[in-house]
Number of protein chains: 2
Amino acid sequence: MSIDPPGFELPLRLFLGFRVLIDELHAELARQGHPHARPMHGFVMQAIGTEGTTAVELGRTLGVSKQAAGKTIETLERLGYVERARDHRDTRRKIVRLTPSGVDMLVRSARIFDDLRARWAAVIGDERLRALEADLRKVTPQDVFRLDVPGWFGA
Amino acid sequence: MSIDPPGFELPLRLFLGFRVLIDELHAELARQGHPHARPMHGFVMQAIGTEGTTAVELGRTLGVSKQAAGKTIETLERLGYVERARDHRDTRRKIVRLTPSGVDMLVRSARIFDDLRARWAAVIGDERLRALEADLRKVTPQDVFRLDVPGWFGA
DNA sequence: CAAGATAGACAACCAGGTTCACTATTACCG
DNA sequence: CGGTAATAGTGAACCTGGTTGTCTATCTTG
């Protein structure tokens with residue numbers, strides 16, 4: 001029959017948990033040869049997927065304008081994570097595809113996230129972690145990609 | 001004996017949970033007369049506290065440069081949430097203090113966060129919510145203010 | 001009292017987002 | 001079949017909120 005914590009702790013803890021995972025991911029990615037990876041890069045590349053996509057499509061997936069998506073693609077291209085080729089069936093379109101380096105980054109990220117999850121499981125217990133994930137699924141939207149991550153904070 | 005979800009779901013769910021709470025907070029704040037409140041404003045004002053602070057101090061608390069803290073204070077000042085007065089014992093310093101409107105916003109935020117937490121409790125159960133918070137405390141840093149919230153995502 | 005530290009402010013820059021405007025290409029329909 | 005409408009990409013101008021560097025004014029201290 002303990003007293004409830006103040007309501008503002010919950011969002012803070014959620015955000016801190018997110019930050020801890022993301023920070024550790026990128027520290028480890030840097031060690032594994034991806035020092036320029038940024039939090040949103042992996043996320044965007046996941047949205048690009050193995051099939052490739054276009055700027056307009058990516059913008060829709062991420063919930064940002066096509067111009068913003070275009071800028072992000074440019075950055076990723078400079079870093080060598082994606083490449084663009086024109087679509088021969090529709091010469092307006094430019095297909096964005098992951099390069100081997102981009103795929104490597106995603107593969108490593110997946111492995112690191114699994115390791116981090118295992119570390120959490122070791123701390124709080126396997127059952128509790130699964131319960132935590134199940135509970136969060138109940139109070140969050142299903143569509144995991146429409147984070148509107150970029151820019152949501154200042155808007 | 002179910003299969004573990006992929007590790008990348010955990011950070012996403014944490015972030016989504018955070019976003020849901022913050023978005024609902026600001027929708028409700030807008031309804032209650034604070035339509036210009038932004039996610040970081042409440043956070044920064046919490047860091048300013050009832051005692052007041054200075055730009056340099058605030059920057060240290062938040063983990064940003066004093067210039068960035070100064071810009072944020074300007075914004076808050078334009079919105080009428082804080083005011084600056086010079087310190088008579090050290091005329092270099094300018095003390096930043098919450099205005100009544102700023103205090104009102106914080107008070108309302110606290111109440112709304114409590115309500116939102118209660119809604120989560122109704123969905124996943126009181127015990128489970130407490131367990132979730134307790135577990136997150138185990139895997140996140142104690143110092144809740146050094147979020148480095150502003151700008152961490154792009155850096 | 002001179003030298004160093006500190007507070008605040010200004011400028012230039014960067015990242016990433018927005019909207020508006022424009023071109024090139026494709027799709028549709030009378 | 002051809003003209004109109006829709007779509008893909010790009011550029012420009014602007015906003016926010018961060019950064020570093022520099023400068024002045026004001027303590028603080030040896």
Side-chain angles (χ1 to χ4, degrees), chain A residues 19 26 36-45 47-48 52-79 81-97 146-155, chain B residues 19 22-23 26 36-45 47-48 52-79 81-97 146-155:
Chain A
R19 274 226 42 186
H26 284 88
H36 299 298
R38 292 286 168 270
M40 53 166 318
H41 294 167
F43 182 71
V44 171
M45 284 161 58
I48 292 173
T53 185
T54 68
V56 167
E57 219 175 285
L58 182 60
R60 263 197 279 269
T61 306
L62 298 176
V64 301
S65 66
K66 61 180 180 175
Q67 294 90 334
K71 284 192 195 181
T72 304
I73 290 169
E74 262 180 60
T75 305
L76 253 25
E77 200 175 21
R78 265 200 311 273
L79 291 173
Y81 286 136
V82 305
E83 57 192 2
R84 269 183 289 194
R86 55 179 198 290
D87 183 340
H88 293 290
R89 277 137 4 152
D90 182 345
T91 54
R92 290 172 306 180
R93 305 175 76 221
K94 289 193 180 173
I95 311 287
V96 183
R97 282 205 190 73
R146 287 297 305 271
L147 293 182
D148 300 353
V149 151
W152 76 270
F153 205 87
Chain B
R19 275 225 42 187
I22 295 296
D23 286 353
H26 284 89
H36 299 298
R38 291 285 167 273
M40 51 166 317
H41 294 166
F43 182 72
V44 170
M45 284 161 57
I48 291 172
T53 184
T54 67
V56 167
E57 218 174 287
L58 183 60
R60 264 196 279 269
T61 305
L62 298 176
V64 301
S65 66
K66 59 180 181 176
Q67 293 92 333
K71 284 192 194 180
T72 305
I73 290 168
E74 261 179 61
T75 306
L76 254 25
E77 200 175 22
R78 265 198 311 272
L79 291 173
Y81 287 135
V82 304
E83 56 193 3
R84 270 183 287 193
R86 53 178 199 291
D87 183 341
H88 293 288
R89 277 139 3 154
D90 182 345
T91 55
R92 289 171 308 178
R93 304 176 78 221
K94 289 193 181 172
I95 311 286
V96 183
R97 281 204 192 72
R146 287 300 303 272
L147 293 183
D148 301 353
V149 152
W152 76 269
F153 205 86

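These numbers come from the heavy atoms of this one structure, side chains and all, not from hydrogens, waters or symmetry mates.
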Inset, instruction - Find the distance R38(A):CZ to dC14(C):P and express it as a whole number of Å. - result: 16 Å

Legend entry - Results of side chain to side chain donor-acceptor pair (under 3.5 Å) for R92(A) - residues two or more places apart only: D90(A)

Inset, instruction - Quickly work out the R89(A) CZ to dT7(D) P distance and round it to whole Å. - result: 19 Å

Inset, instruction - Treat primed atoms plus P, OP1 and OP2 as sugar-phosphate and everything else as base, then score nucleotides 9-15 of chain D 5' to 3': B for base contact with protein heavy atoms under 4.0 Å, S for sugar-phosphate contact only, - for none. - result: BBB----

Inset, instruction - Scan S65(B) against the nucleic acid and name what it touches under 4.0 Å (heavy atoms): base, sugar-phosphate only, or nothing. - result: base

Inset, instruction - Starting at atom CD1 of I73(B), determine the distance to atom P of dG8(C), rounded to an integer number of angstrom. - result: 8 Å

Inset, instruction - Considering just the side-chain nitrogens and oxygens of T91(B), establish if one lies under 4.0 Å of OP1 or OP2 belonging to dC27(D). - result: yes

Inset, instruction - Could you tell me the separation between the CG atom of D87(B) and the P atom of dC27(D), rounded to a whole number of Å? - result: 9 Å

Inset, instruction - Could you note down all residue pairs passing salt bridge (Lys or Arg N to Asp or Glu O under 4.0 Å) where residues 61-77 of chain B supplies at least one of them, sequence neighbours left out? - result: E77(B)-R84(B)

Legend entry - Min side-chain heavy-atom separation T72(B)-M40(B) under 4.5 Å: yes

Inset, instruction - Measure the CG-CZ distance between L79(B) and R38(B) for me, rounded to the nearest 0.5 Å. - result: 8.0 Å

Legend entry - Check: T53(B) and T61(B) side chains under 4.5 Å, non-hydrogen atoms: no

Inset, instruction - Whole angstrom is fine here: how far is it from CE in M40(B) over to C1' in dG18(D)? - result: 10 Å

Legend entry - Interatomic distance where CZ belongs to F43(A) and P belongs to dG16(C) [whole Å]: 15 Å

Inset, instruction - Would you indicate whether the side-chain heavy atoms of L76(B) and M45(B) approach each other to under 4.5 Å? - result: yes

Inset, instruction - Name the residue closer to the 5' end of DNA chain C, choosing between D90(B) and H88(A) according to the nucleotide with the nearest heavy atom. - result: D90(B)

